[in-house]
Amino acid sequence: MPPTRVGGILLNSMDLKWNAYFSNTKNMKARPLLAEALSYVNNKNHALDLGCGAGNDSRFLKEKSFLVTSVDNSPEAKKYLGDPNLVIS
């Protein structure tokens with residue numbers, strides 16, 4: 001599929017798929033597995049959320065008093081989060 005221009009940004013098929021994923025997942029609760037996994041974590045100071053998408057897991061971790069670094073490569077995530085390497089504090 002050739003790239004598509006949306007609002008001055010050139011998007012490839014992966015970006016378009018991510019935009020659909022983002023639309024369907026933003027403002028959802030964190031993944032249940034994340035809450036379960038926290039019971040095995042000893043050091044609950046910092047968290048790195050790679051491929052953070054809409055930041056649902058990042059927000060959950062922040063609510064649990066983590067300092068969270070959220071990273072995503074998607075133009076939509078960068079726009080939504082305000083910074084590609086957002087530190088939520």
Side-chain angles (χ1 to χ4, degrees):
M1 171 184 243
T4 303
R5 189 168 297 279
V6 176
I9 299 173
L10 196 59
L11 301 175
N12 62 33
S13 63
M14 201 61 171
D15 293 326
L16 295 173
K17 288 177 186 173
W18 193 96
N19 289 348
Y21 173 80
F22 176 83
S23 294
N24 291 324
T25 60
K26 67 180 176 180
N27 301 318
M28 290 181 69
K29 291 183 179 180
R31 292 174 178 87
L33 183 59
L34 177 58
E36 182 181 336
L38 286 183
S39 66
Y40 298 100
V41 175
N42 292 326
N43 182 342
K44 297 182 179 180
N45 296 323
H46 294 88
L48 176 62
D49 188 358
L50 296 174
C52 67
N56 300 322
D57 292 340
S58 295
R59 283 190 297 279
F60 173 80
L61 291 166
K62 182 189 178 301
E63 291 168 5
K64 300 295 181 190
S65 300
F66 281 82
L67 176 63
V68 183
T69 301
S70 306
V71 180
D72 201 292
N73 194 40
S74 167
E76 189 67 23
K78 291 176 186 178
K79 182 173 65 175
Y80 183 74
L81 296 171
D83 181 53
N85 299 302
L86 178 69
V87 176
I88 302 174
S89 55

message: If I compare all heavy atoms of G53 with all of D72, which pair ends up nearest, and what's the gap?
response: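 The answer is N-OD2, 2.7 Å.
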query: Under a single-linkage definition using a 4.5 Å side-chain heavy-atom cutoff for Ile, Leu, Val, Met, Phe, Trp and Tyr, are M28 and L61 assigned to the same hydrophobic cluster?
result: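 No, separate clusters.
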Residues forming a side-chain contact (heavy atoms from CB on, under 4.5 Å) with [X], sequence neighbours excluded:
X: K29; result: none
X: L33; result: E36
X: N43; result: N45

message: Just so I know, are the side chains of F66 and D49 near enough to count as touching, which here means a heavy-atom distance under 4.5 Å?
response: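 Not in contact.
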field: Donor-acceptor under 3.5 Å (N56 side chain, R31 main chain)
entry: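 Here the side-chain-to-backbone pair does not exist.
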message: Tell me whether K64 contacts the main-chain N or O of K44 through its side chain, where contact means a donor paired with an acceptor under 3.5 Å.
response: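 Side chain of K64 to backbone of K44, a donor-acceptor pair under 3.5 Å: no, none is there.
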